[in-house]
Amino acid sequence: MIDKTFIEKCRNIFGRDNVLTDKAELIAYSYDATPGIPRETPGVVVFPENTKQIQELIFLARQTKTPIYPRGAGTSLSGGPVPLSKGVVISFQKMNKVIEIDPDNLTATVQPGVIIADLNVAVSKHGLLYPPDPGSMATATVGGSVAENSGGLRGLKYGVTKHYIMGMEVVMPTGEVFRFGGKTVKNVTAYDFTHLFVGSEGTLGIITEIICKLIPAPKYRKAMIAFFNKLEEAGKTVTDIVRNHVIPATLEIMDKVTIQTVENYAKVGLPTDVEALLLIEVDGMGQDSVLWEAEKCVEIIKQNNGSYKIAETDSERDSLWAARRAALPALAQVKPSTVLEDATVPRTKLVEMLIAIQNIAKKYNLMIGTFGHAGDGNLHPTILVDPTDKDEMERLHKAVDEIFEIALSLGGTLSGEHGIGVAKIKYLKNEIGRSGVDTMRRIKQALDPDNILNPGKLVPMED
Amino acid sequence: MTMASVKTFFDDIETLKRELIRCMKCGNCMSVCPIYNIEKKEASVARGKIALGEAVLKDEINIDDETLVKLIFNCLVCKSCMMACPSGVRFDRIILGLRSAIVKKKGLPFVKKALFGLLKNPEFFDKGMKAFAAMQGLFLKSEGDKKRKPKGFLKAINPRLDEKFIVPELSKESFRDKVNEIIEAKEPQCSAIFFTGCSVNYLYPQVGDDLIYVLQRNNITVITPKSQNCCGMPVMVHGDIETAIELAKRNIDTFEKSNAQYIITVCGSCGSALKHEYPIILEGTDYEERAKKWSGKVYDISSFLLKVIKFEKPKGKVELKVTYHDSCHLKKSMKVFNEPRQLIKMIPGIKLIEMKKPDACCGSGGSYHLTHSDTALKISKSKVDDIKTTEADAVCTGCPACMMELFEGLHRFGGNCNVIHTVNLLAQSYRAENQS
Ligand SMILES: Cc1cc2nc3c(=O)[nH]c(=O)nc-3n(C[C@H](O)[C@H](O)[C@H](O)COP(=O)(O)OP(=O)(O)OC[C@H]3O[C@@H](n4cnc5c(N)ncnc54)[C@H](O)[C@@H]3O)c2cc1C
Ligand code: SF4
Ligand code: SF4
């Protein structure tokens, strides 16, 4: 595997400064943001600056059967970049150039290490927007989010990462460089490789260039927050809004535990006796249509016995959003460790799911605060635990098993946006069945015959 | 030196466990860490260093591993990460706890050698001089107040820093030497201790002079005790907690000799040491309660003027385009960032132009610019670029340590911009009013 010769060759390929070998440096690549999964220290970390170097590394890794682990910012919540079998970590942090912004074709071409927020700063100069906005966008890379098919707060109206990727350059696990897609809106040549590689979690190829689709940034927006005494009323508001053909950019929910924790921590003036709150923001290019949509939302909130506050100014908007932004930080204060799940159900099953989670919390005597993207049916039950408490950790694992079971029984999915990685690999078969797993294996074997690319993630190679 | 006999937070890295465990590895700190921003290596940022701390506690690596020592000292203790941290991880405790554990195990000279061994390039020597002068508490043995000699280890680093070496600025009269210990106001609003800090005392006496002038204008009795000494921050960030404790105790003894109502600082680092660090490093000692008492009386000059006393508005015209740099410790530790801006805007004739990231670290961080000069220079360059873009005549800040770094950076990377302290501007306005 990784010996002196291997490291010397890495240094020849990447240059001395772009190869880390000291144990202390390597330990800092043994994790991502996923709690409770195994850590492993890689044998070496390399920082490529171009595609050719990656190609050379692949040849080297194939000869020596050394596993390769691509890493963006390491914010994955499913264990994607963790080097389970040691091997090489490729960090994309230095391959971070915006290659081109093409405002007429509405595209941006970037290297994989570009930080999502930086891309948005760059395109905003042209009045454009790259909509996918995971909560981690200030650190997460475009490459990592493409590999995870990340979602975000704007998913309901604008979709997720897969809707904004038009083409890529990929170094295949066999060493060939492969480009597909491009700047055209339409392209049906060959298989739809874009959708194969988006969400492939670094298991099928190494993404070295990405063509992103941009949209004109909406000019107007209106935010409001609504409070409900019954979960059912909050849930009905969500479906009623969509039924009335209003598609808000943001439609977020917070349950009682979350509201109380946020208020306790951030003192933003939330009522602590309500069962749920919704944060709603509508946006668009025309002031009239945005106002109409906002009025429609208010009407529906009232019909469902909700009370509400509407933001008239930017600073009022900020203070409404402050509640949502404080959700994770506030919950994280309560106990040393925070387990954030992302089981997702059809929008119409939202309330059932919320109630089921509350029952699970009671059953296993755990503190669970749930918030999330209500409009997408994508909930983040956030379980607060103390890792040194063995009994609590056991109850945690049982609770997580049950959350997944219920999500699937409601026609939902294991993961709405965080991916499978190692964290959910044992549940995969429950959703896609034997035939699904077999299909995944066949794809993986066809493209990565040596199983050197991110082994142990997403695709269970053994039963 | 007498050793602290009571256990402090820093005595045992096991106590760091409960702090380490709070880090959920979300990576938010990466977006704000000035070092990570340049180096792009995980071990550069809080999250990576926390992982190293965890590995030490699990016996996966030794605390005196050579690379580990360098990585743990590769931090500006600027606290930017703490501002972005959703879990409220107190990273300042972690980094100082780890550093002090290293010092405990290997001794200070070992650490110095490991760090300053990095200082190979003679080009930085000049820069070094200035920093040494400012951090004389760290480098110079105190032999009475007048004579100061370099500690022995310096010679090993650079032959010029031998027994004969005297920091140039030090040879002249220091600020505390020349100023009257008590300056009574006629009808005082209150009395306040001026805690000068080393940089004002030895390098920027003009800031001290202007502070006294501003306080006099506002009828405050100013006490500048001769027996105050270094706040301890420079030694603390190098893991020398013993000395920091010693200095803290001596300062508290000094404060108690006066019956002043307030303590005023003009340096973000001194202020946050007195306000936030003393109660922590003195935890469990008979100084703990006293440290807490004094902590409540510490104010940065800008918040003192605007929030504590009846403040005479500056009326004299100062025609200047100014940009303001937030000192890390002033903003992120003392939470003072509005007040200096308010003060600046009050001065007639001044135009305040904000730079892109006013609270991005200047790269000073104690001796960081010496020990990790490659990264520090890049941090400094990006700061200077941001300053230059504003086309301001002067960059104003609330911390003399930043002033030094900004001055050096502007000199090196060519900016036609003066470096001044907020109190310099205020005093200038008061004086202009007198003249007109
Ligand atoms: C606080 C917080 C909030 C979050 N909020 C959201 C959210 O709202 N929505 C959401 O969907 N996710 C969210 N996440 C999860 C995570 O941030 C996203 O999945 C993110 O897109 C990962 O990006 P990254 O650069 O950190 O990738 P990494 O974590 O480094 O890697 C992710 C995966 O991509 C692979 N990979 C990375 N680069 C490449 C490449 N160039 N080629 C091939 N494979 C590659 C890795 O091997 C790994 O499998 C959040 C995480 C945190 C910590
Ligand atoms: S204190 Fe500053 S330099 Fe150190 S890790 Fe935090 S942000 Fe980085
Ligand atoms: S921001 Fe805080 S919790 Fe997140 S990785 Fe950094 S130190 Fe850990």
Side-chain angles (χ1 to χ4, degrees), chain A residues 17-18 20-35 39 41 45 47 71-77 81-82 89 91-96 113 115 117-118 135-141 144 265 325-340 386-388, chain B residues 17-33 36-58 60-74 81-90 98 102 356-357 374:
Chain A
D17 285 350
N18 287 330
L20 302 179
T21 55
D22 279 336
K23 188 173 173 189
E25 295 268 20
L26 299 177
I27 286 173
Y29 290 85
S30 61
Y31 53 78
D32 63 2
T34 319
R39 289 188 187 177
T41 307
V45 176
F47 295 86
R71 182 182 181 94
T75 66
S76 158
L77 287 169
V82 178
V89 164
S91 167
F92 283 97
Q93 290 289 320
K94 292 187 184 172
M95 218 163 142
N96 60 350
I115 293 163
D118 290 350
S136 51
M137 66 186 287
T139 44
T141 64
Y265 160 80
R325 288 204 189 94
L328 185 58
L331 290 167
Q333 306 286 330
V334 179
K335 286 228 174 181
S337 199
T338 311
V339 178
L340 185 79
D386 179 352
T388 58
Chain B
K17 225 180 212 159
R18 59 169 188 252
E19 207 55 52
L20 292 169
I21 208 177
R22 300 196 69 89
C23 169
M24 53 183 180
K25 305 286 178 303
C26 69
N28 276 16
C29 43
M30 295 155 84
S31 65
V32 291
C33 175
Y36 185 79
N37 194 14
I38 303 284
E39 297 180 346
K40 306 286 186 196
K41 293 188 306 182
E42 277 275 346
S44 307
V45 71
R47 174 168 84 159
K49 293 179 169 68
I50 288 169
L52 287 175
E54 290 164 342
V56 167
L57 286 176
K58 280 193 243 151
E60 286 166 9
I61 190 165
N62 290 328
I63 186 115
D64 54 356
D65 175 280
E66 205 182 316
T67 313
L68 182 127
V69 171
K70 283 180 188 156
L71 294 173
I72 294 300
F73 279 88
N74 185 20
C81 48
M82 292 166 65
M83 303 283 281
C85 179
S87 302
V89 174
R90 290 182 298 182
L98 289 172
I102 294 169
K356 208 163 84 193
K357 283 187 251 163
D374 283 355

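Labels below follow one simple rule: chain letters A, B, ... track the order of the sequence lines, proteins then strands, and each chain is numbered from 1.
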Note to self: How close do Thr139(A) and Gly27(B) get, counting heavy atoms only, and between which atoms?
What the structure shows: CG2-O, 3.1 Å

Check: Given a strict heavy-atom distance threshold of 4.5 Å, which part of Ser136(A) is in contact with chain B: side chain, backbone, both, or neither?
Finding: neither

Next item on the list: Output the option from Leu71(B), Asp65(B), Ile72(B), Leu68(B) having the highest count of non-hydrogen pairs under 4.5 Å with chain A.
Entry: Leu71(B)

Notebook entry, point to check: Is there a donor in the side chain of Glu42(B) and an acceptor in the side chain of Tyr31(A), or the other way round, less than 3.5 Å apart?
Noted result: yes

Notebook entry, point to check: Taking all non-hydrogen atoms of both residues, which atom of Lys25(B) and which atom of Ala33(A) are closest, and how far apart?
Noted result: O-CB, 3.1 Å

Checklist line | Rounded distance (nearest 0.5 Å) linking atom CG of Asp32(A) with atom SG of Cys26(B) | finding: 11.5 Å

Notebook entry, point to check: Are any non-hydrogen side-chain atoms of Lys41(B) and Tyr29(A) less than 4.5 angstrom apart?
Noted result: yes

Next item on the list: Name the region of Asp17(A), side chain, backbone, both or neither, that has any atom closer than 4.5 Å to a heavy atom of chain B.
Entry: neither

Note to self: Quick check on Ile21(B) against chain A: is it the side chain, the backbone, both or neither that has a heavy atom closer than 4.5 Å?
What the structure shows: both

Check: Between Lys40(B) and Asn96(A), is any pair of side-chain heavy atoms under 4.5 Å apart?
Finding: yes

Margin query: Within this structure, what is the CD-OG distance for the pair Gln93(A) and Ser44(B), rounded to the nearest 0.5 Å?
Written below: 10.0 Å

Notebook entry, point to check: Which distance, rounded to the nearest 0.5 Å, do you find between the CD1 of Ile115(A) and the CE of Met30(B)?
Noted result: 7.5 Å

Item checked: Side chains of Lys23(A) and Ile61(B) in contact at under 4.5 Å (non-hydrogen atoms) -> yes

Margin query: Please rank Arg47(B), Lys49(B), Glu60(B) by heavy-atom pairs under 4.5 Å with chain A and give me the top one.
Written below: Arg47(B)

Item checked: Rounded distance (nearest 0.5 Å) linking atom CZ of Arg39(A) with atom CD of Glu54(B) -> 4.5 Å

Check: If you tally heavy-atom pairs under 4.5 Å against chain B, which of Pro329(A), Ala330(A), Pro35(A) wins?
Finding: Pro329(A)

Notebook entry, point to check: Is it the backbone or the side chain of Leu20(A) that comes under 4.5 Å from a heavy atom of chain B, or both, or neither?
Noted result: side chain

Check: Within the distance-only criterion (no hydrogens, no angle test), does the side chain of Arg18(B) pair as donor or acceptor with the backbone N or O of Pro336(A) below 3.5 angstrom?
Finding: no

Notebook entry, point to check: How far apart are the closest heavy atoms of Ala28(A) and Ala43(B), and which atoms are they?
Noted result: CB-N, 3.7 Å

Checklist line | Contact origin within Arg71(A) toward chain B - heavy atom pairs under 4.5 Å | finding: side chain

